[in-house]
Every structure is written in C-alpha cells, then in structure tokens.
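Quantities reported herein were computed from a predicted structural model and do not represent experimental measurements. In the text below, chain A, chain B and the rest are named by the order of the sequence lines, each starting its count at 1.
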Amino acid sequence: MTDRDDHISRQRFMEELRRYRKGSVSRRHFLGVTGLGLATVALGQGLGPRRAWAQEGIGDRVAIATWPNYHDPADFDAFTQATGAYVDVSVFGSNEEMLAKLQAGGSGWDVFVPTNYTITTYVSEDIIEPLDLAKIPNYDPASFDPRFAEAGTVDGKVYAVSKNWGTTGYAVNTTHAGDRQMTTWKDFWDRTKEDFSGRTMVHDYQLTTIGNALKYFGYSFNSVDPKELADAEKLLLEVKPHLFAISSDYQPSMRPGDAWMSMCWTGDASQLHRDIPEIAYVLGREGGEIWSDFYAVPKDAPHREAGYALINFLLDPQVNAREALFHGYPVADKRVNALLPPEVLNDPILYPAAELLAPLEFGAAVTLTDPNRAELMARFKSA
Amino acid sequence: MQQSPLQDMDAPIAEFRAVTKRFGAVVAAEGLDLAIRRGEFLSFLGPSGCGKTTALRMLAGFEEPSEGEVLLDGQRVDGLPAHRRPVNMVFQHYALFPHMGVADNIAYGLRQRRPRPSGAEIARAVDRALETVRLEGYGGRRIWELSGGQQQRVALARAIVNEPKLLLLDEPMAALDRKLRRDMQIELQGLQRSLGITFVLVTHDQEEALSMSDRIVIMRGGRIVQVGSPRDLYDAPRDRYVADFVGKSNFFPGRIEGADGAEARLAVAGGQVIAGRPRRAFSEGQAAVASIRPEQVALLRPGQGVGLPVRVLTGIFLGEHTEYLVRHEDLGEFLAHVPRQAEAAQGRFAPGDEAIAAWPEGAALILGDD
Amino acid sequence: MARRRIGATLLLAPAGLWLLAMLVLPLVVVLVFSFGERGPAGGYAPAFTLANFLNLGSRGAAFRNTLVLAPLGTLACLLIAYPLAYVLAMRVGERWRTVLLVLVIVPFWTSILIRTYAWIFLLGGQGIPKLLGWLGLGQPMLINTPFSVLVGIVYGYLPLMVFPIYVSLERLDKRLLEAADDLGAPPWRSFWQITLPLSLPGVATGCLLVFILLMGEFLIPAMLGGGKVFFVGNALVDLFLQSRNWAFGSAVAMALVVVMLVTVTVYMRLMRRWGGGRDDVALM
C-alpha cells in the first residue's frame, strides 16, 4: 500500500453513509470512497471554488450514473460548491444494468456514462437525444481523438461526448506466475486450469467474459456465431470449477492475494499496479477489447440544465486531468494530455504499445444485445 | 427422599429452624422457628410482604434460606432443588401447562418419576385424581376450555396425584369469585381430611384462614407473631396486630394504672378505666390497648342497665346479627354486634338513638400497643 | 349490522388497496410477462408462449442451490439463535439484557452490504484461513464456497431469528417452569417438555421469516459465493438486469413464488401437526 492518505474524515464518511443509505450511491462507490473496500482513494483536497461553471439557476441537485472508481469525489464537491447543485452518484456494474434501468423509465438520472457500443441502442430505443453542444462550451471536437470520440455521433448528430477510453486485459500477480511469461488469452484460460486453479476471476459481464473466451480460439471478440459461441461456452464451463469468482469487483480479491489473476480494465490495472507493483497488466496478443466511455443525457432527465453543467465542468481540461490522475484511465482530449505528467503518458498500462493496440476491437452494439450471448452467460453462471 | 422406616407419627412433618431469608439488603423472613404437624391444615396469614410466601417457597425449594435449616420428615432439605423434594404446590394462578391437555397436566409429575410408572398406572392415578376433584371425564379437555374453578381443580389434582408429604397452596383461591371460593374452601378442607396429606396454605384472607385451618401462623414483617388454632388466636391474640388481623375488634388505647398476673387496669380517655386480662407483663404507666370484640358489646335501652352512654350512628344488618357503630363522648366510635334474639327482645336501634353499651367482666384483653 | 359492515369495509379499504396495488397487480404483471417473449433489445414483447416455463430447467441448479441452502441456512440460524435468545430471555439480568439486545441489533444499523463485505475479508486468505494456518490447521479456501454463503446467511439473518424466539421465551410464564420443577422435572427435562414446546411459535415465526427471505436472497450468494454459489435470486437479477429477458425472468419469478407457496404450506402443515393442532404454532 502507499503512504497516501487512504483514510477519509469522519464527517465525510457519515455523509457518504447517508448518501449510501438513501440509495443514491451503490456499494462500490461507497466502499471505494470510504476505503472500506480497500480501494485506495486519493482525495484531491484543497480544491476550492474557482469560478462558476454554469449559469445561475440550475437547481440544487444533479444525478449521475457511472462506473466504480471512475471519479474523484472531490471534483463533485467542487461542482457543488461552484454551482450549489448536489451530486447524487449511482454506480453500476454493467451497461446492461444501465440500459435496463433506463428502459424501465424513471431512472431520475441527468447524466450517465454509456460505453461506445451501447449508444446506437440508446438512440434506437429513443432513450437519449442529441446534445445541445452550446451548453457544453468545454467540449472542443477538434481536440478529441476521433477514434475514441466518434461512437458518440450517430447519423451526424452528437448524442454523447467522450469521457475516457481504455482496454480490457487481465491483471496477474506475477509472484505466482513462475518463469512462464503470460502474454495471451490462451495463457489466461490454460493456466487457470493449471497453476492458477481456484485463483482466477472473470467478469460478471457477458461482453468481456465471452469475448475473451472467444479470443482463446482466435474468434472475433464480438462474435455471435452460434458455433463459435458454443466453443466459448464449452471453454467457460470447463474453466468454471477452477475459478475463484465470477465478479466485476475484483480489486478487493486481488489486493489481499485471494485471487491471483483477473480480467481487468485499464484503470483498475493502474490502481492495482500502483499499490502492488508485482501485479502486471497483460493485453492478450490475440486481441481483445478496446473501448471508450461517454457522457450522455437521458431524454427524461429531471434536471437537464444541471446535467449539462456537470458534463461541462467535468470536461474542463484542468478537472479532467485531475480525474485522470485519480482513476488512471486515459483521456481522448489533447488539451488534457498536455496537462498530464510524462510518466503517466509513458505508462504502458494506460497507453499500451501500438502492436498490442492494433488487434483490439471495439465492442459492437449487437454484442451487447444478442440474446444468445446473454443466455450463454446466464447458463455459465448458474451451471 | 425415601421415607424413614422409623417414622414417628408425632414428629413434625416439616420444620423451620432459625431460618432467615435475605434478598440483597431486604430481609424477607427472619428467625423462623416452626414445626408443622403431620396431617394438619396450616395457614400462613399476613398482609402482602409479610414473608408468608417466602416461607412457602422455602418449603417448596424455590428459595434457599440464607441462614437456618429446613427439614422435611426429619431430614434437611435446604440445598435440595424443588424437583427432588416430595412436596407439591398449587400455584396462585394455577400455572397449568397450556400446551398439554388436562390428563397430561395431571400425569406430569408421575411421568417424572424414575423408574417411570407404566401408562396404565398413570392413567389409573389420573382418573382417581380427577374423581377426587370431581372432574370425572375431563381428562381429554384442553386447559383453555375450562372455567377458572375447573382449572383450579386440575391444579389441585396435578399436585395431589403425586401423594406429596406436603401440599403447598399459594393463595389458591385469589382468582375465584366469592361464592366459588366459599365452596372451594369447604371442599379443600374435606379433601385434606380424606387424603390425610398435610396442607400448608398461604393467604391474606383471614376468613379463609379461620375457616379452613387447624392452625394459623400470623406473620408480620418477616417474623412469626403468633401460632395457634383459629380459636386461640381469636380469643387470646398476642398483641393488637393479631387481634386486628383475626376478626374485628374495638381498641381503646390508654396507660396501665395497675397490673398483676390476672388483671390489668387501663386508664383510657375521659378518666374511664377498663379492666381486663393482660396478655403480657405490664408496668405502671406503660402504653397499652384494651381490645373488646364487638360481639361482646351489648347494647341496652337507656335505663335498662349499667354501662357507657352512647349514641347510635349506623346499623348494618348482617343476618344473624346487626353491626352498630356507636359513639361515646370520651371513648369515641366503636362497634357492637347485637344478635337477632336480643333485637327481637328489645327492638332495633335507629341512628340517633341513645343507648347503653356494656360488656361482661373479663371480656376485655389488655394488649401491647405496637 | 349493515352499518357495522360498512364501517369494517372502510377500515379495511386502505390495506386492501395497498395490497391490490403493491402485491396483486405486480403479480398479475409478472404472470402476464411470463407468457411473453424477450424484446429485440431486451425487455418484454407481448406474446403467448409456454417456452419460458419449458426453459425453467436451465435454471435447475439455481433452484437446487436455493432449496438446499435456504433450509440449511434457516436451520443454522435456528441452532445459533435459540441458545442466544434463551440466554437473553432466561439467564441474563434486566440491565445486561438491554445491552445485549442492542448488541444483537447494532449490526442492523449499517447496511447488510457493508457487513457482508467485511466477511469477504474475514473469510478471505488474509482472514480466518490465515489464522487457521498459524494454528497449523491448514489454510482451507473458505470464501466463494457454499460454506461462506452459509456464514453470511447466519450472520445476516440471525437477528430475524433471535427476536421472535426471544419474544416467545420472554413471554413464557416462568411459573410454568417452577411448576415443572415442583412436579419433579430436572431443568433439562423441563426445557424439553415446557420451554421448547411453548417457544415453538417464536421458532416457527423466525424460521418462516428467515426461510422466505432466504428464498429470494441474492446479495449474500453474489458477494460471498463469488458468483459461483447461485441462488434463484441471482438468476432473477441476471435475467432482469443483465440479459434483460423480462419474459423468462417473470417465468422464473412465478416458479419461485410457486415453490415458496408449496414449501411454506408443507411447513405450516408440519408445524401444525407437531404443535398438536395449535394454530398459534403454525401461524405465529
């Protein structure tokens, strides 16, 4: 562990607990913020109000649905201080959960964080509408890497603006790996059945778990071909007895050493590696997933103005840089990268080598919505 | 407990020897010395908090004496838990097992015996016990189907079926209405005679104690004040407390003017002097009280006899006698019971009537006033 | 008479409407959905098919797990809760009783999530197994097993079992125990013959409460079972939130309701038989 201040003040704990009780914060956020989940939290203290980020009268609250360990709580506090709007945070484990909640209606969210492959679905389901970019002056299309930003644009209209991007590889505690270096998804699955038996975690997420099982056979990460999926299912069922857990919440098991290897997203990998250097991040040579996350506003947002104000605030390069330093995910915004220290920009976890990035695939919309993949995952879990 | 082979029928069935019971700083019973006779009906009488229940619970084994010994049939039982004492209790609110039927309640004690009696033996004993308490055929009933009086009989049957050396009764009639209580008292008394079991009753109801008991133990503040037959206690109370608790009495406080063994003279209000039998030694000038039972006070028409001139305040007709409350100028108010025959002879008194109150020589008792 | 009936109807109306809105209507919706099919992007699409019910076998493992671990968890709760409730009600003085009762409730002041999270670490490699290792008892893998799920269940549901039993023991007329003592029953026998039978209503309540809630449990298996010990509740969460197959999810939910009704009915029958026909044992 580091010597950073991993503890939060009592007052802040109580405040988080209150928010948690109200159900506005999910357990991961709460545990992450309070340190109860052993997730290290560096609080960017001393960030006073600087200037008003939004026009007057945006209301007294704004609700955002996002991912675990994906924001610096201090930045939300700064937003509250600057605008008077309190930020209600709900944290989710999968895009499906977000979609389900939005499909059911009445989510109460003003901002949410969809991943690239979901946006067309949200558009076709009529859940989001084109953004009013005039209300997001901090969004400068020219400074964003189009590779990571373009999925937010559907039929020429901008429905979502880029938040972060990243990759899905696996974290492995190299002390248990011996001399045999791990470089591929084949290594991941094979060694799970061997020396990592009982110590490997896969995501509780069909997209990545099935996708990375498909990579074992060299199939596309996005395959919905029944024969290829059948192969993946066979592999998953074979591996299941050797798994430590099926969970997307892998940091609490990786840190104390209960789990030795886990499917892993960029930010978690950099957080784990920062605190436990022997945990390495591997991108399978066969390929795998590259993704980008966005900010979007649901059609039924109850505090629309506040939602826009929050997005604009978070896209401020200064704020965004601080966020990136906190969560360890790369940003697609040139202006932000200019503010980041070189050791971050040179970190191979955040910015992998070009030959590793090249074979990665963006997830496809159909990958998420394919009922056969969903049912395959359910069969795997309930087997 | 096995019975001693050389059982002496005159030896007490149970004894308290210098028994004191303390609950923390509170002394519930102090220096109890008492021998309970085989086959008698003994009552502990006193107001609540006098220690009578504690005494009973020490016999049952629910409480252990802080000091002293408790003997049962000549053997020490203090330290022996209740389930190993051959005594049984009828509880104040019966404490019948609500999840068992009548027969199972009654059989409970027999089933605890080792070796366990056969089912047929138990069934016979239960039937006999039901017959004894006049509840033949009620064995199959549930407890909540019974009336209060019937529940009481079941509680009684549950205790006597075990043929205990002592049957302890803790205010058993407190929950019954007056008429039922009266019937039950008579029945209990008869039962005690026919079974020959020693009964120990705890009650705060003096009428109940007087009507049922062979002997009564009067308790006050954790101590035994007097032990005796109902007649002894009524006729020769040891002090004002007993006289007041057992039956009604008129009390006239005063100071001893002169006393020898057979007679004491008490100077009361208004220069009056009451002579009577002293119940203890007195010295001159000591405070004491004269006690005269109302039925010994005769009321006469003015001029028909010698006595205290009084005025009648109220008269309450009580069947075989009328209870008059009268007032004497110096002695204040007191009661007189006038029997029917006397009333028939001289007519009834009306409130406001003048009368003469008189009592025979030796009717007054001179008692310590404490 | 008529007026009284109108009054009673009015008094019952709020509860009745509430039940209708909160219980009956959702159940009707679930029933209707269970004959439908999954929408193209998930959710529900109207149809009439029995396919969802025919597919129930694919969740057989979840039903098996639930039907094994829920009764087992209930039993484990009972075995731990009864002595605890007994000591609280019968053996502890007034003052300590309050303190201990509060201690039993205190964990409920924080969310079950946080408390269950603590067990991930207690049962994980750095927790109890490490302790056992020091004691030379080997280092068994406890977390993410049915055992760890049982531990979580006992921990999470213990107060729900303790309180009904405590109340029934507390209410027990202590003079009955004196009566048993007086009639010659040693303490352990009077426990079996008097205390236990008379606390059965509390036991029945506690068991029913814990069992019914356990049948729908998903959090503890998800957290302490590592997603590997799978309950029907987890299958439902997956179906509604992950694969968004509301139709099949509704069929699974209906099946769970039926299984619950059957087990609870059987249970109440048994309790009534053991309770000697006493309704209070079966229903309380």
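- A salt bridge does not link C:Arg244 with A:Glu96: none of the charged nitrogens is closer than 4.0 Å to a carboxylate oxygen.
- For chain C, no part of A:Phe380 is nearby; none of its heavy atoms comes within less than 4.5 Å.
- Annotation: C:Phe231 is not in aromatic contact with C:Phe218 [ring centroid separation under 6.0 Å not met].
- In this pair, A:Tyr170 and A:Phe188 present their aromatic rings tilted. The plane angle is within the 30 to 60° band.
- Between chain C and the options A:Met201, A:Lys240, A:Lys381, A:Lys101, the largest number of non-hydrogen pairs under 4.5 Å is found for A:Lys381.
- Contact of C:Asn234 with chain A is not made at all, since no heavy-atom distance falls under 4.5 Å.
- Top candidate by heavy-atom pairs under 4.5 Å with chain C, chosen from A:Gln206, A:Glu125, A:Glu375, is A:Glu375.
- Taking the six-membered ring for Trp, C:Phe240 and C:Phe33 have ring centres at least 6.0 Å apart.
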